[in-house]
Every structure is written in structure tokens, then in C-alpha cells.
Amino acid sequence: MKRIVVLVSGEGSNLQALIDACQQGRINAKISAVFSNKAAAYGLERARLADIPAHALDVKAYEDRTAFDVALADAIETFQPDLVVLAGYMRILSAEFVQRFAGRMINIHPSLLPKYPGLHTHRQAIENQDAEHGTSVHFVTEQLDGGPVILQAKVPVFADDTEEDLVARVQTQEHNIYPLVVGWFADERLSLKNGQAILDNNPLSVQGYAED
Ligand code: GRF
């Protein structure tokens, strides 16, 4: 069975969706460990409640980003993961870290990439009066929120939406698409080859998988 390591910094609702999907057999893999850069992240508690080893590394204990990332990567590798899943991990990754897990690390970002990389995506969508917003699962490359997209989900933006309304609407979709994509990877249907996401031997478009 494939092994997954998940990184979180906060609430961990996407982690919970992955835990549930593993328990229900929708993902044919095991979450071997959860790591965080925040000891108080509720995601760590979710992991413990599911009997998954949960560890926090204290950023202040390391000299710089490179030293922290080397320690984190070494700790992750003790679990020999097939896939590293970023689920609300709010820390910029060093190039060395990204290279170490190239082709086996994915992220979920709350926008329809390439639109709105970075922070405050929901606020920007509302301020720009976008008709739709959404979320993207993508392979992680050195470019922040810039790796090949695997799958997106769209939601409408309504005129009276608050940022919280939109966050909640997007997250509902995240909890559907992230387990789906992790399941594809676990079933060896998904890979990254020559900088391109491949699903069932078909290169995916810039927007990722789209059903006919
Ligand atoms: C998600 O909305 C994800 O898109 C972003 O951070 C949020 C994490 O939420 N990267 P949670 O910690 O999984 O609840």
C-alpha cells in the first residue's frame, strides 16, 4: 500500500477529508505521518485522533529556511512516502525541499490557477467582482503555486458574498477533489513527466483534468 505524508499549518479540514477517504477505502493508501511548522495546528490533533503519528518542528530552533527544510525533509523521509501532500501548509518551501520531492508532492490552492497565486485569493475574487472562483490541485514546483494543475473545481461568486462565505464554498469543493486526486496517485494513474501532469497516459491541459 502506498504511503502518504501530509503537511499542515492550521485547521486541517483537508487532512480530515483525506483521513476519511483512506478509512472509507476511497483512497488506496495509508497516511503514515502528519508534520507541521505549528505545534498548535489543529490538523495535528486530527492526526492523533486517527492514530497517525503527528509531529511539529519549531521554526525557531533552526538557523534559516534551508536548515529547517533539511530537517523537515529528513524527518519526512523516515516514513518513506510515495506522496507528500501539502494541505494548508503555509510556509514557503526552499528549492532544495521541492527538488527532493519532485514529482511526488502536491498542493491545493484556493483559486483557479494561474489566477491568484499567493494569499487572499477569496478577497481578490470578491473585490474584482469575479463571477466564479475555485480551487486547484497541482504538482509542486519551485514556482509558488505555479506547478502543473491536475484538477480544478469552480464555485459561483454571489454579489452579497463575504470572504467567509466564499472560503466555505471553496472548501466544500476542496474536500471532494483532494481525496480524488490523491486516490489517482495512489492507484498509479497520475504522474509528473517532463514538467507535465499525466493522467491515465494522457497529458493534462493547463486547467488539469476536465470531464468530457
Ligand atoms: C485550504 O483552503 C487550501 O486551499 C489552502 O489552505 C486551506 C487549508 O485549510 N492551501 P485546511 O487547513 O485544510 O482546513
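Indexing begins at 1, ligand by ligand and atom by atom, following the structure's order.
At under 3.5 Å, a nitrogen or oxygen of Glu174, whether backbone or side chain, sits near a nitrogen or oxygen of ligand 1. Note: an N/O pair closer than 3.5 Å links Gln171 and ligand 1 by distance alone. Taking any N or O of Met90, backbone or side chain, none lies under 3.5 Å from an N or O belonging to ligand 1.
Each of the following atoms of ligand 1 lies closer than 4.0 Å to a heavy atom of Glu11: 12 (O), 14 (O). Close contacts of ligand 1 with Pro110, meaning ligand atoms under 4.0 Å from a residue heavy atom, involve 4 (O), 5 (C).
Of all the listed residues (Ala168, Gly10, Gly12), Gly12 holds the heavy atom that lies closest to atom 12 (O) of ligand 1.
The CD atom of Gln207 lies 11.5 Å from the CG atom of Leu151; values are rounded to the nearest 0.5 Å.
Between Arg169 and Asp161 there is a salt bridge, with a side-chain nitrogen of the basic residue lying less than 4.0 Å from a carboxylate oxygen of the acidic one. Looking at Lys115 and Asp145, no side-chain N of the basic residue comes within less than 4.0 Å of a carboxylate O on the acidic one, giving no salt bridge. The pair Arg189-Asp187 fails the salt-bridge criterion, with no side-chain N (NZ, NE, NH1 or NH2) lying under 4.0 Å from an Asp/Glu carboxylate O.
Side-chain atoms of Phe158 and Ile126, non-hydrogen and from C-beta on, never get closer than 4.5 Å to each other.
Of the protein's non-hydrogen atoms, Ser13 OG, 2.5 Å is the one closest to atom 14 (O) of ligand 1. Protein heavy atom at the shortest distance from atom 10 (N) of ligand 1 is Ile108 O, 3.0 Å. For atom 8 (C) of ligand 1, the closest non-hydrogen atom on the protein side is Gly88 CA, 3.6 Å.
Judged by a 6.0 Å distance limit and a 45° cone about the ring axis, Arg104 is not positioned over the six-membered ring of Phe185.
The two atoms that bring Glu174 and Pro179 nearest to each other are O-CD, 3.9 Å, heavy atoms only.
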